[in-house]
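Below is one structure, written out as structure tokens, with a few remarks after it.
The structure presented is a predicted model; accordingly, all values stated were derived computationally and were not measured.
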Amino acid sequence: KDKKKDKKSNSSPSTKPQKSFQEQQQELIQQQQRQIFRQQQEIEFQNSRFLQQEAQIEKQKQLIQLLMTRIREFELGKKQEENIQQQEEANTQASTQANGE
């Protein structure tokens, strides 16, 4: 029993295991710091992608609004053309009726 105790005391358990424990803690802390750094980079990357998509969506909204305006203008133009055509037809009918009478 005494020999076993001597072997243990020679390895000085109070200093050596504690140092390795501190080293382990330091390594863990460094791993966590690296992990946090990677996660921050990933978040920044995702955030920049999100901002790009948001800008793209805004452009698409503007394009849609422009298209809607163009469609309305086109429909108005068509209606005006139809009105002018109807007016011209009415004028032609009126003039032929006037000439016929």
Side-chain angles (χ1 to χ4, degrees):
K1 285 184 178 179
D2 288 335
K3 285 183 180 178
K4 285 183 182 178
K5 280 186 179 180
D6 284 345
K7 283 182 181 177
K8 285 182 181 177
S9 64
N10 282 349
S11 64
S12 57
S14 58
T15 57
K16 210 170 192 182
Q18 195 160 3
K19 187 179 180 195
S20 73
F21 175 76
Q22 287 175 339
E23 285 173 350
Q24 285 177 341
Q25 291 301 305
Q26 198 61 40
E27 284 175 21
L28 273 176
I29 289 169
Q30 288 172 349
Q31 281 179 346
Q32 289 173 336
Q33 286 172 336
R34 285 192 294 270
Q35 202 173 4
I36 289 169
F37 180 72
R38 282 194 298 269
Q39 288 172 338
Q40 285 173 334
Q41 284 183 318
E42 180 64 24
I43 288 169
E44 286 173 23
F45 174 72
Q46 295 288 346
N47 195 33
S48 72
R49 274 185 50 195
F50 173 76
L51 291 174
Q52 286 174 344
Q53 289 173 338
E54 218 175 22
Q56 232 176 350
I57 289 170
E58 203 52 45
K59 283 180 189 174
Q60 289 172 338
K61 280 182 182 176
Q62 290 173 354
L63 269 175
I64 289 169
Q65 287 175 339
L66 182 68
L67 283 171
M68 298 288 278
T69 306
R70 294 275 164 86
I71 289 169
R72 271 188 240 109
E73 289 171 354
F74 177 75
E75 287 173 347
L76 281 174
K78 251 185 145 178
K79 280 182 183 174
Q80 285 177 339
E81 278 181 41
E82 287 171 12
N83 290 343
I84 290 170
Q85 237 179 345
Q86 287 173 353
Q87 194 65 45
E88 285 174 352
E89 286 171 12
N91 289 345
T92 330
Q93 283 179 352
S95 68
T96 50
Q97 282 174 357
N99 290 341
E101 286 175 9

>> Quick one: does any side-chain atom of Asn99 pair with a main-chain N or O of Ser95 as donor and acceptor, under 3.5 Å?
In response: yes
Looking at [atom1] of [X] and [atom2] of [Y], how far apart are the two atoms once the value is rounded to the nearest 0.5 Å?
X	Y	atom1	atom2	answer
Asn47	Ile43	CG	CD1	9.0 Å
Gln32	Gln39	CD	CD	10.5 Å
Thr96	Asn91	OG1	CG	10.5 Å
Glu75	Glu73	CD	CD	11.0 Å
Asn83	Glu88	CG	CD	11.5 Å
Gln85	Lys78	CD	NZ	11.0 Å

> Stepwise, does the side-chain hydrogen bond (donor to acceptor under 3.5 Å, both in side chains) test hold for Gln52 with Gln56?
Replying inline: CA-CA 6 Å; Gln52 286 174 344; Gln56 232 176 350; over 6 Å; no
Hey, are the side chains of [X] and [Y] touching, using non-hydrogen atoms and a 4.5 Å cut-off?
X	Y	result
Lys59	Leu63	no
Leu28	Gln24	no
Gln30	Gln26	yes

> Going by atom types only, do Gln31 and Glu27 share a side-chain donor-acceptor pair under 3.5 Å?
Replying inline: no
